[in-house]
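Working notes, beginning with the structure itself.
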Amino acid sequence: MKFHLWLAAALAIFLAPNSFSADATNAPVKTEARSLKDCLQPAPKNGGFAMDGFILWCSSVTKVGDTYHMFASRWPLQYGLGGWTKYSECVRATSTNLFGPYQFQEVVLQKRTNNWDNSRVHNVKIVKAENKFVLYYINSANQTGYAVADSVTGPWTRLDKPVIKASNPAILVRPDLSVYVFCRLKDSAQVNRGIAFTAPSYDGTYSVMQNGDNLLPENCELEDPTIWWANNQYNILLNDWKGNATGIGKGGAQYFSKDGVHFQFMTREPVFTKTVPYDDGTSETFSRRERPFVYTNEKGEVIALFTACMPKDEHARVVVQPVKNYYPGNE
């Protein structure tokens, strides 16, 4: 009898599911399926990045030493929201605190006459590829290119032509330095498809996956994706175009995929809405809240969510919400 009890206990331990991630030695313990929403915390009231007289949009952040460098799009407030089509440029701001406040440092890139990027520099996204800093951006719709530098402060070398026929690039540099880019492409039926491209390196040839088919389930649509790798999968957070995924137009929708082609809903509940809670107990509801960007630590845990937030007067700024070590556990 005692032997049977011992055997049952041994089998229970042996057959128990593995509760540790395989993609990082120090990866956190997996839990039940949950979305990033479960770990969002109030934003510092005086954090983020704001500039008098400018609309700020499209933020992304990289850390060099003890300093966080934010690359963002901006244009003069006097031109209103639509001014991005003619006046958007890339700027850099810095902070020693991930959550800010960030201080303006310089204008990084502006549009160029008689070049492919002759109308704007927008949808900026900074990534590190080994010893190179690569700054992706768009010109007009469906024209994505990049600039490259040895230092986060430049100088930047630009391409003579775009490399991707899509907008809203979300870039993932893999350990072997190959690149996966999730984008938005509006097709002839006016559907904002989620499509992906791959390249053997940032300066290689970018090839579209699955013939450019919409990779989002139920033919859902998108705007402004951000991407990160955790739990041996591609994780994406984006603005839910038309609200088909979450029921809220431009609410935060989260997906995941094991192969970068077949995506699933992490949740149908919106990860974020237009309302931001602050650390002083107050909150603010914006007329627009878009362009999410997640910042992860070395374990693949999301520790900050950046969004472009526009009040009714259109004086948009970047708001940063701390995230309590979010790691997707969905297996």
Side-chain angles (χ1 to χ4, degrees), residues 48-62 64 67-95 100-129 132-171 181 183-184 202-203 206 223-226 288 290-293 306-310 314-318:
F49 179 37
M51 292 190 72
D52 288 340
F54 288 94
I55 291 174
L56 294 172
W57 219 247
C58 309
S59 64
S60 67
V61 174
T62 188
V64 179
T67 302
Y68 297 94
H69 296 258
M70 178 192 291
F71 290 77
S73 302
R74 80 164 189 185
W75 61 95
L77 176 62
Q78 70 187 79
Y79 298 116
L81 180 61
W84 73 273
T85 60
K86 292 183 179 180
Y87 304 103
S88 185
E89 61 187 6
C90 175
V91 298
R92 182 175 63 89
T94 60
S95 175
Y102 285 79
Q103 301 298 322
F104 170 78
Q105 297 298 326
E106 63 173 340
V107 174
V108 179
L109 297 177
Q110 294 177 308
K111 63 183 181 181
R112 300 180 295 176
T113 304
N114 299 323
N115 282 280
W116 73 270
D117 47 2
N118 59 4
S119 65
R120 73 209 77 165
V121 172
H122 198 63
N123 282 174
V124 299
K125 185 65 67 65
I126 186 71
V127 297
K128 187 80 181 294
K132 298 289 187 181
F133 292 90
V134 189
L135 182 60
Y136 290 79
Y137 64 97
I138 72 165
N139 179 54
S140 60
N142 304 332
Q143 289 182 304
T144 292
Y146 63 80
V148 63
D150 294 326
S151 168
V152 74
T153 57
W156 298 91
T157 300
R158 301 201 224 187
L159 299 179
D160 294 327
K161 59 182 179 180
V163 296
I164 292 174
K165 187 178 180 180
S167 300
N168 297 171
I171 304 95
V181 187
C183 303
R184 181 196 70 172
Y202 77 85
D203 56 353
Y206 289 76
E223 189 176 57
D224 302 341
T226 182
R288 302 176 76 110
E290 302 175 17
R291 200 58 185 171
F293 168 76
F306 294 72
T307 49
C309 296
M310 176 173 283
E314 295 195 342
H315 202 171
R317 64 187 188 274
V318 177

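All residue numbers refer to positions in the sequence shown, counting from 1. Just so it is clear, the model here is predicted, and its values are computed rather than measured.
A salt bridge is defined here as a Lys NZ or Arg NE, NH1 or NH2 lying under 4.0 Å from an Asp or Glu carboxylate O, and Arg74 with Glu89 meets this definition.
Summarising the geometry, atom CG belonging to Leu77 is positioned 10.5 Å from atom CH2 belonging to Trp75; distances are rounded to the nearest 0.5 Å. Between Met310 atom CE and Arg317 atom CZ the span is 11.0 Å, to the nearest 0.5 Å. Ile55 CD1 to Glu314 CD: the interatomic distance, rounded to the nearest 0.5 Å, is 5.5 Å. To the nearest 0.5 Å, the span separating CZ on Phe71 from NZ on Lys125 amounts to 13.0 Å. Atom CE in Met51 sits 9.5 Å away from atom CD in Gln103 (nearest 0.5 Å). Interatomic distance, Asn123 CG to Arg184 CZ, rounded to the nearest 0.5 Å: 7.5 Å.
For the pair Gln143 (side chain) and Pro162 (backbone), a donor-acceptor distance under 3.5 Å is absent. Side chain of His122 to main chain of Asn139: no donor-acceptor pair is present (N/O by atom type, distance under 3.5 Å, no hydrogens or angles). No donor-acceptor distance shorter than 3.5 angstrom exists from the side chain of Thr307 to the backbone of Glu290, with no hydrogens or angles considered. Judged by distance alone, the side chain of Lys111 and the main-chain N or O of Lys86 form a donor-acceptor pair under 3.5 Å.
The two residues Ile126 and Ser60 have their closest heavy-atom pair at N-OG, 2.9 Å. Ser59 and Phe293 make their closest contact through O-CB, 3.3 Å (heavy atoms, listed as atom of the first residue, atom of the second, distance). Looking at every heavy atom in both residues, Phe49 comes nearest to Tyr102 through CD1-O, 3.5 Å. Among all heavy-atom pairs drawn from Trp57 and Ala72, the shortest one is O-CB, 3.5 Å. Scanning both residues, Val91 and Val108, for their nearest heavy atoms gives C-CG2, 3.9 Å. Heavy atoms only, all atoms of each residue included: Asp117 and Arg158 are closest at OD2-NH1, 2.9 Å.
For the pair Lys128 and Phe133, the cation-pi test (distance below 6.0 Å, angle within 45°) is passed.
Between Asn168 and Arg291, the closest side-chain pair of non-hydrogen atoms falls below 4.5 Å. Taking the side chain as every heavy atom from C-beta outward, Thr85 and Ser119 never approach each other to under 4.5 Å. With contacts defined as side-chain heavy-atom distances shorter than 4.5 Å, the pair Arg92/Thr153 qualifies. The shortest side-chain heavy-atom distance between Ser167 and Asn142 falls under the 4.5 Å cut-off. Contact annotation: the side chain of Ser95 never approaches that of Met70 to less than 4.5 Å [non-hydrogen atoms, C-beta and beyond]. Taking 4.5 Å as the limit, every side-chain heavy atom of Lys132 sits out of range of all side-chain heavy atoms of Asp203. Residues Cys183 and Ile164 form a side-chain contact, since some pair of their non-hydrogen atoms from C-beta on lies under 4.5 Å apart. A 4.5 Å side-chain heavy-atom check between His69 and Thr94 finds at least one atom pair inside the cut-off.
Below 30°, between 30° and 60°, or above 60°: for Tyr206 and Tyr146 the angle between ring planes is between 30° and 60°, a tilted geometry.
Between Tyr137 and Trp84, the ring center distance fails the sub-6.0 Å criterion.
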